[in-house]
Structure formats: C-alpha cells, structure tokens
Amino acid sequence: MDARKHLVLLGAGHAHVEVLRDLARDPVAGLRITVMSRERFSPYSGMLPGVIAGHYAAAEALIDAPALAARAGASFVQDSAVAIDLARRVVRGGDGAEITYDLLSIDIGATPALDAEGAATHAIPVKPIDALLTRFAGVAAAQSYAVVGGGPAGFEIALALRARHGEAQITLAAGLLGLLPGLPEGARRRAMAALARHEVALSEGHPVTEVEAGALHFAGRPTVAAEALLWCTGAGAPGVLASSGLPCDAEGFVHVQAGLDVPGHLEIFAAGDAASFLPRRLPKAGLYAVRQGPVLAANLRRAVAGEPPLPFHPQRHALLLLSTGDGHAIGTRNGFVVEGRWVWRWKDRIDRAFMRRYSAA
Ligand SMILES: Cc1cc2nc3c(=O)[nH]c(=O)nc-3n(C[C@H](O)[C@H](O)[C@H](O)COP(=O)(O)OP(=O)(O)OC[C@H]3O[C@@H](n4cnc5c(N)ncnc54)[C@H](O)[C@@H]3O)c2cc1C
C-alpha cells in the first residue's frame, strides 16, 4: 500500500497546467499526483480564434497534458469526472473507475449553455475546444456562418471566420446583452467598426429563439441563413459540482474562499471558471485562471504541509486583448482603449510566451 498523500488534479485547465509546472520544478516529497482530465490536449483559448483564422496551427494552441503531467511525476488519466463522493474522498470517472484522494483540486472550466430550441442538435459549442476543432473542420466549406454570443469569444471567432472565409456570409448574434457588454464604449465602437469593415452582420437586442439545420430564428427579426453555427454564449456550470454536494452559487459553480479553498472542505480547492470566488465576483475569463495558478500551487503545497492557504488577490483592472482577425487587435484596460497592428503583436507575444512555459523545450 502506497503511504504517500494523494493529490488529484481534476481537469487540466489553465490553473492546473501552472500547478504541474510548479511541481515539475520543485517536487514535493511524499506526494503522489494524478491528473484526471477529459482531454489529452488542453487548449489555450487565447490562441483559439487565431487557429480558426489560420494564424496558428492547432498544435501551437494545445498543451500536451499527459507530457506535462509526466514532467511533474504525475499519472494522467483521460476521463471525465461524473461524481465526487465527498464522504469517501473519491472521484468517479465516466467509465466507472474510482480515484481516491487526500487532496483534491478542481479546474474543469465551464460549458456553453445551449439554451435555444434545437441548439443542442445543430450548433457547434465552442467547448470542449478539441471537439470544436474537429467539428469545425467538417463545416469548412460552408457558405454561411453564424456565431451566437456577443462576448469576447464570439466577437473574435466571427472575425476569425472572416479571415478564413473571405466570401462567406457571416452573422454575429449578440442577443439581448449586445456586443461586448461591460467593455468601455470606445472598445465597443472600435469592435463594431471592425465588424462593419469586414462585413460581419451584427444582430443586437434580439435573442435567438430556435435553431434548425441551415437557419437561425430570432425574436423580432428575420431568420438568418447559417449552414454552420458556432455557439459561444455565457458559461454554464459543469453539473458534477452541484450534484456531488459541493457548496455552489446559484448557477452551480463551486464556492471558493480567498485561498481558493472550498468552504467546509479543507482538502478541496478549485480555480478558474468552475470556481465562484466568494470575496468578489470574477468574470469567467482565462486570465483569472492563469493568475490563480501560482497561488493554487503554493496553497496545495501548504495544504500538504498542514498550513493554511494564502489569499489570491485578483487584479482590479484586467487587460483584454481582442484580435480582429486581420493582424490587428483592440486592447482595453481600466477604461483605456488602444487598437492597431502593434496591439496584435503584443497579444501574439503574450500568447506565445504562455505556450512556451508549458511545452517540453
Ligand atoms: C474562443 C474563446 C476565446 C477566449 N479568449 C479568451 C481570452 O482572450 N482571454 C481570456 O481571459 N479568456 C478567454 N476565453 C475564456 C477562457 O477560455 C476561459 O475563461 C478559460 O478557458 C477558463 O480556464 P479554466 O482553467 O477554468 O478551464 P478550461 O480551460 O476550460 O479547462 C478545463 C479543463 O478541464 C477538463 N474537464 C472539463 N470537464 C471535466 C470533467 N468533468 N472531468 C475531468 N476533466 C474535465 C477539460 O478537458 C480541460 O482540460 C476564451 C474562450 C473561448 C471559448
């Protein structure tokens, strides 16, 4: 029988890849580690629109999770957790296999809510991203595309489609919330100008009510043709969190305190989109998962040593860089807005540096 403590990392998301890098650099004596994740390759979402636009090969935006786990001395199990038995401290995978943990960390992201009639059948959800890339390849010859969701992902993907398909009809359906809600007016204006320049039709104020093969129906505006439909709406919670009895917010994301620890469960931590940060509501954005990575790594070490966690201090003003698919980008932080080719080069440098951290070289 292995007497070492067992750390189970559930999901190889943006925070956990940093935990693995940290553990590879400085192993913890007496700790056994297992990573269970649904996919072998963890996509870096910041570069995904660039993959669709043709700026990057898919492999450039994918982190090889088993290889990273191996460098940290961890076992990798490709499976989707369907239940966490909190009393027995067991994670159950889809194939029925059970993994017992002493310490559990959850970074399983969020899933798009396919909430219009027919969407589950006809739309391609933006997550899981590996499935998106496969299904997207299957619709590469379409003449009309629609992207549902007016947030940063929907905006970038609509323009990435334009970069890839010069002649296709492209519609961005931004729904009741409209384009890039919450961003400064200057950023929204520039984003609208980019859509107009690239002849991407924008629909705002009309929710999508129904989806069928080849068409998108709205409340209060004409039907739009869409041979291929990409679904990039707000993030829904993975069902396994609430169904396992973890303390969750009203949407089903697991509560975490300042130290990314789950209240009432000293042995469970969570980060990224799956977590609902109690000290202050955080946007579901990869950059918070990335920033949480080093704090999570430190706190998992502290938990092994029986020490209390240190707090995560989220940035007040996050930098958002939006590619417009044409070698330019729009950047915004703390009310300031910039745009240009240099902004894209800046974003490209940040994204490539992120990926270099988790590659073998
Ligand atoms: C197209 C697109 C562009 C985006 N661009 C940006 C951007 O520029 N900047 C930004 O800040 N944010 C961006 N986002 C948002 C960003 O993708 C998410 O906020 C980010 O991925 C959250 O990271 P995470 O670690 O929480 O989860 P994820 O990156 O989603 O990782 C979750 C991991 O868990 C695994 N998993 C899922 N369910 C299970 C399960 N049940 N059991 C086991 N494993 C599981 C998955 O395989 C994956 O490895 C973008 C999103 C999209 C879709």
Side-chain angles (χ1 to χ4, degrees), residues 8-20 34-53 61-66 68-69 76-84 91-95 99 104-112 124-133 136 147 149 151-161 230-241 243-244 253-254 270-277 282-293 296 315 318-323 329-331 347 350-351 354:
V8 174
L9 300 176
L10 193 55
H14 290 69
H16 276 176
V17 292
E18 179 58 26
V19 170
L20 286 170
T34 300
V35 182
M36 179 195 271
S37 198
R38 188 180 56 200
E39 294 143 41
R40 292 180 64 78
F41 293 96
S42 296
Y44 173 47
S45 53
M47 285 167 93
L48 184 75
V51 173
I52 291 175
L62 296 175
I63 297 166
D64 184 339
L68 186 58
F76 182 85
V77 176
Q78 186 179 358
D79 202 350
S80 213
V82 295
I84 302 167
V91 175
R92 198 163 61 248
D95 61 5
I99 300 181
L104 175 67
S105 181
I106 303 170
D107 180 18
I108 57 174
T111 48
I124 304 176
V126 77
K127 281 185 170 183
I129 287 175
D130 61 343
L132 163 73
L133 293 176
F136 184 72
V147 178
F155 171 76
E156 285 195 303
I157 286 188
L159 285 167
L161 286 169
L230 280 97
W231 207 266
C232 305
T233 57
V240 64
L241 302 172
S243 67
S244 297
F253 295 100
V254 58
D273 283 2
S276 175
F277 189 64
L282 299 178
K284 300 291 179 205
L287 76 99
Y288 289 101
V290 168
R291 293 289 173 114
Q292 286 169 348
L296 181 62
Q315 301 167 276
L319 170 68
L320 184 65
L321 296 169
L322 296 169
S323 165
I330 301 167
K347 173 173 165 51
I350 292 173
D351 289 343
F354 178 87

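Each ligand, and each atom within it, is numbered from 1 in the order the structure gives.
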Quick note on ligand 1: atoms under 4.0 Å from a heavy atom of I157 include exactly 1 (C)

Closest heavy-atom pair, V91 versus A81, reported as atoms and distance to 0.1 Å, is CG1-CB, 3.8 Å

A student checking ligand 1 against R38 at a 4.0 Å heavy-atom cut-off should list atoms 36 (N), 37 (C), 38 (N), 43 (C), 44 (N), 45 (C), 46 (C), 47 (O)

Note: S42, heavy atoms under 4.0 Å from ligand 1, region reported as side chain

Within the 4.0 Å heavy-atom cut-off, what L287 brings close to ligand 1 is both

#### Entry: Residue-ligand contact P238/ligand 1, heavy atom below 4.0 Å
no

Within 4.0 Å of some non-hydrogen atom of G272, the atoms of ligand 1 are 26 (O)

Any heavy atom of D273 under 4.0 Å from ligand 1? The part involved is both

H14 meets the side-chain hydrogen bond (donor to acceptor under 3.5 Å, both in side chains) criterion, sequence neighbours left out, with none

On a heavy-atom basis, the closest approach of A12 and A65 is CB-CB, 3.8 Å

For S323 and F155, the nearest pair of non-hydrogen atoms, with its separation, is O-CE2, 4.1 Å

(request) Return yes when at least one protein heavy atom is under 4.0 Å from atom 9 (N) of ligand 1, and no when none is. (result) no

Note: L322, heavy atoms under 4.0 Å from ligand 1, region reported as neither

Within the 4.0 Å heavy-atom cut-off, what K284 brings close to ligand 1 is backbone

All heavy atoms of D351 vs all of G46, minimum pair found to be OD2-O, 3.6 Å

Per-atom filter on ligand 1: closer than 4.0 angstrom to a heavy atom of E39 are 47 (O)

